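Everything below concerns the one structure shown next.
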Amino acid sequence: MNLVEKLLSIDKTTLTEEITEKYESCNMKKWTGDGTIIIRRIRDRKKTDIQSMCLDFNKGKYNGQLFESKLMTLVEGIVQPSLKDESLIEHFGAGDPMGLAELLFNGEIDDIADAIEEVGKKENIEETVKN
(Lines give C-alpha, C1' and ligand atoms only; values in the text may rest on other atoms or scores of the structure.)
Protein backbone atom coordinates (compact mmCIF):
# COMPACT_ATOMS: atom_id res chain seq x y z
CA MET A 1 0.00 0.00 0.00
CA ASN A 2 1.51 3.36 -1.01
CA LEU A 3 1.31 6.55 1.04
CA VAL A 4 -1.69 7.97 -0.85
CA GLU A 5 -3.66 4.78 -0.25
CA LYS A 6 -2.71 4.84 3.42
CA LEU A 7 -3.87 8.46 3.72
CA LEU A 8 -7.14 7.66 1.98
CA SER A 9 -7.77 4.87 4.47
CA ILE A 10 -7.73 7.08 7.57
CA ASP A 11 -10.69 8.92 8.99
CA LYS A 12 -10.12 12.63 8.43
CA THR A 13 -11.49 13.48 11.89
CA THR A 14 -8.35 11.94 13.39
CA LEU A 15 -6.38 14.84 11.89
CA THR A 16 -8.27 17.38 13.99
CA GLU A 17 -8.63 15.44 17.24
CA GLU A 18 -7.50 17.36 20.28
CA ILE A 19 -4.35 15.92 21.85
CA THR A 20 -4.27 16.36 25.62
CA GLU A 21 -1.99 15.36 28.48
CA LYS A 22 -2.03 15.63 32.25
CA TYR A 23 0.38 18.06 33.89
CA GLU A 24 1.15 18.40 37.60
CA SER A 25 0.95 22.02 38.72
CA CYS A 26 2.69 22.86 41.99
CA ASN A 27 0.37 25.82 42.58
CA MET A 28 -2.79 23.77 42.04
CA LYS A 29 -1.43 21.06 44.34
CA LYS A 30 -0.70 23.64 47.06
CA TRP A 31 -4.07 25.40 46.84
CA THR A 32 -6.49 22.59 46.02
CA GLY A 33 -4.69 19.40 47.00
CA ASP A 34 -4.93 18.18 43.40
CA GLY A 35 -2.17 19.35 41.10
CA THR A 36 -3.47 17.73 37.93
CA ILE A 37 -4.39 20.10 35.13
CA ILE A 38 -5.15 19.10 31.55
CA ILE A 39 -3.12 20.73 28.79
CA ARG A 40 -3.56 20.43 25.06
CA ARG A 41 -1.56 20.82 21.90
CA ILE A 42 -2.13 24.19 20.28
CA ARG A 43 -2.60 24.05 16.51
CA ASP A 44 0.28 25.56 14.54
CA ARG A 45 -1.67 28.51 13.13
CA LYS A 46 -2.83 29.58 16.61
CA LYS A 47 0.66 29.04 18.01
CA THR A 48 2.11 31.33 15.34
CA ASP A 49 -0.51 33.97 16.16
CA ILE A 50 0.53 33.82 19.81
CA GLN A 51 4.24 34.01 18.98
CA SER A 52 3.63 37.03 16.75
CA MET A 53 2.48 38.95 19.83
CA CYS A 54 6.21 39.46 20.52
CA LEU A 55 6.90 41.22 17.23
CA ASP A 56 6.31 44.77 16.13
CA PHE A 57 5.71 44.26 12.43
CA ASN A 58 6.03 47.98 11.70
CA LYS A 59 9.55 48.03 13.15
CA GLY A 60 10.41 44.38 12.47
CA LYS A 61 11.73 43.68 15.95
CA TYR A 62 10.91 42.30 19.39
CA ASN A 63 8.39 44.44 21.24
CA GLY A 64 8.88 43.22 24.82
CA GLN A 65 5.70 41.12 25.07
CA LEU A 66 7.24 37.68 25.54
CA PHE A 67 5.53 37.28 28.93
CA GLU A 68 2.12 38.06 27.41
CA SER A 69 2.68 35.44 24.72
CA LYS A 70 3.49 32.86 27.40
CA LEU A 71 0.31 33.79 29.26
CA MET A 72 -1.70 33.42 26.06
CA THR A 73 -0.08 30.02 25.54
CA LEU A 74 -1.47 29.00 28.93
CA VAL A 75 -4.90 30.46 28.13
CA GLU A 76 -5.10 28.49 24.88
CA GLY A 77 -3.28 25.38 26.10
CA ILE A 78 -4.85 24.68 29.50
CA VAL A 79 -8.11 22.80 29.09
CA GLN A 80 -8.91 22.16 32.75
CA PRO A 81 -9.33 24.45 34.57
CA SER A 82 -10.49 26.67 31.74
CA LEU A 83 -8.80 30.04 32.10
CA LYS A 84 -11.64 31.53 30.04
CA ASP A 85 -14.22 30.60 32.70
CA GLU A 86 -15.96 33.87 33.59
CA SER A 87 -16.82 32.71 37.12
CA LEU A 88 -13.14 32.03 37.89
CA ILE A 89 -12.05 35.34 36.36
CA GLU A 90 -14.64 37.18 38.43
CA HIS A 91 -13.99 35.21 41.64
CA PHE A 92 -10.28 36.03 41.58
CA GLY A 93 -10.73 39.57 40.22
CA ALA A 94 -8.34 38.73 37.40
CA GLY A 95 -9.92 40.95 34.73
CA ASP A 96 -9.31 38.57 31.83
CA PRO A 97 -8.02 35.05 31.05
CA MET A 98 -4.40 36.19 30.85
CA GLY A 99 -4.70 37.83 34.27
CA LEU A 100 -6.12 34.59 35.66
CA ALA A 101 -3.25 32.59 34.13
CA GLU A 102 -0.73 34.92 35.75
CA LEU A 103 -2.47 34.75 39.12
CA LEU A 104 -2.97 30.98 39.26
CA PHE A 105 0.31 29.85 37.73
CA ASN A 106 2.80 32.48 38.88
CA GLY A 107 6.20 30.84 39.30
CA GLU A 108 5.49 28.02 36.85
CA ILE A 109 4.33 29.87 33.73
CA ASP A 110 7.49 29.06 31.76
CA ASP A 111 7.37 25.36 32.69
CA ILE A 112 3.70 24.99 31.75
CA ALA A 113 4.17 26.89 28.48
CA ASP A 114 7.08 24.57 27.63
CA ALA A 115 4.98 21.51 28.48
CA ILE A 116 2.16 22.76 26.25
CA GLU A 117 4.68 23.18 23.45
CA GLU A 118 5.68 19.51 23.86
CA VAL A 119 2.19 17.97 23.94
CA GLY A 120 1.96 15.23 21.33
CA LYS A 121 5.60 15.45 20.25
CA LYS A 122 6.75 12.54 22.40
CA GLU A 123 4.22 10.29 20.67
CA ASN A 124 5.52 11.39 17.27
CA ILE A 125 9.11 10.63 18.26
CA GLU A 126 8.19 7.21 19.68
CA GLU A 127 6.24 6.37 16.52
CA THR A 128 9.18 7.41 14.31
CA VAL A 129 11.61 5.27 16.32
CA LYS A 130 9.29 2.23 16.05
CA ASN A 131 9.05 2.60 12.27
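Worth knowing before you read on, the calculation uses all heavy atoms, side chains too, and leaves out hydrogens, waters and symmetry mates. Here the structure is a predicted model, which means the values were calculated and not measured. The residues of the chain are indexed from 1 along the displayed sequence.
Side-chain atoms of Thr16 come within 3.5 Å of backbone N or O of Thr13 as a donor-acceptor pair. With hydrogens and angles disregarded, a donor-acceptor distance shorter than 3.5 Å links the side chain of Glu108 to the backbone of Cys26. Proximity of a side-chain donor or acceptor of Glu5 to a complementary backbone N or O of Asn2 within less than 3.5 Å is detected.
A single hydrophobic cluster is seen to contain both Leu15 and Leu7, as judged by linkage of ILVMFWY side chains at heavy-atom distances under 4.5 Å, directly or through other members. Cluster annotation: Phe105 and Val79 are assigned to distinct hydrophobic clusters (Ile/Leu/Val/Met/Phe/Trp/Tyr, side-chain heavy-atom contacts under 4.5 Å, transitive). Leu3 and Ile10 fall within a single hydrophobic cluster, where Ile, Leu, Val, Met, Phe, Trp and Tyr are joined by side-chain heavy atoms under 4.5 Å apart, directly or via other members.
Looking at heavy atoms from C-beta onward, Thr73 lies out of side-chain contact with Ile109 at the 4.5 angstrom threshold. Within the 4.5 Å cutoff, no side-chain heavy atoms of Thr36 are placed close to those of Tyr23. In this structure, the side chains of Leu100 and Pro97 stay at 4.5 Å or more apart for every pair of heavy atoms. Looking only at side-chain heavy atoms (C-beta outward), Glu18 and Arg41 stay at 4.5 Å or farther from each other. The side-chain heavy atoms of Leu88 and Leu83, taken from C-beta on, include no pair separated by under 4.5 Å.
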Inset, instruction - Determine, stepwise, if the pair Glu76 / Arg40 fulfils side-chain contact (heavy atoms from CB on, under 4.5 Å). - result: CA-CA 8 Å; Glu76 294 297 328; Arg40 70 177 176 148; 3.5 Å; yes

Inset, instruction - Using the side-chain contact (heavy atoms from CB on, under 4.5 Å) rule, take Thr32 and Asn27 through it: C-alpha gap first, then chi angles, then the decisive distance, then the call. - result: CA-CA 8 Å; Thr32 69; Asn27 289 355; over 6 Å; no

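One finds the OG1 atom of Thr20 at 12.0 Å from the CD1 atom of Ile37 (value rounded to the nearest 0.5 Å). Asp96 contributes atom CG, which lies 12.0 Å from atom NZ of Lys84 (distance to the nearest 0.5 angstrom). Separation of atoms CZ (Arg45) and NZ (Lys47) is listed at 13.0 Å; rounding is to 0.5 Å. We find the CG-CE distance between Leu103 and Met98 to be 13.5 Å, quoted to the nearest 0.5 Å. Distance CD/Glu21 to NZ/Lys121: 11.5 Å, rounded to 0.5 Å. From Lys22, atom NZ reaches atom CD of Gln80 across 12.0 Å, with rounding to the nearest 0.5 Å.
Checked options Ile39, Ile38, Leu104; the residue passing with Ile78 is Ile39 (criterion: side chain to side chain contact (heavy atoms under 4.5 Å, CB included)).
At most 12 heavy atoms of other shown residues, nucleotides or ligands fall within 6.0 angstrom of atom CD in Glu90.
When all heavy atoms of Val75 and Ala101 are compared, the pair lying nearest together is CG2-CB, 4.3 Å.
With respect to Lys70 and Asp110, a salt bridge is recorded, a charged nitrogen being found less than 4.0 Å from a carboxylate O.
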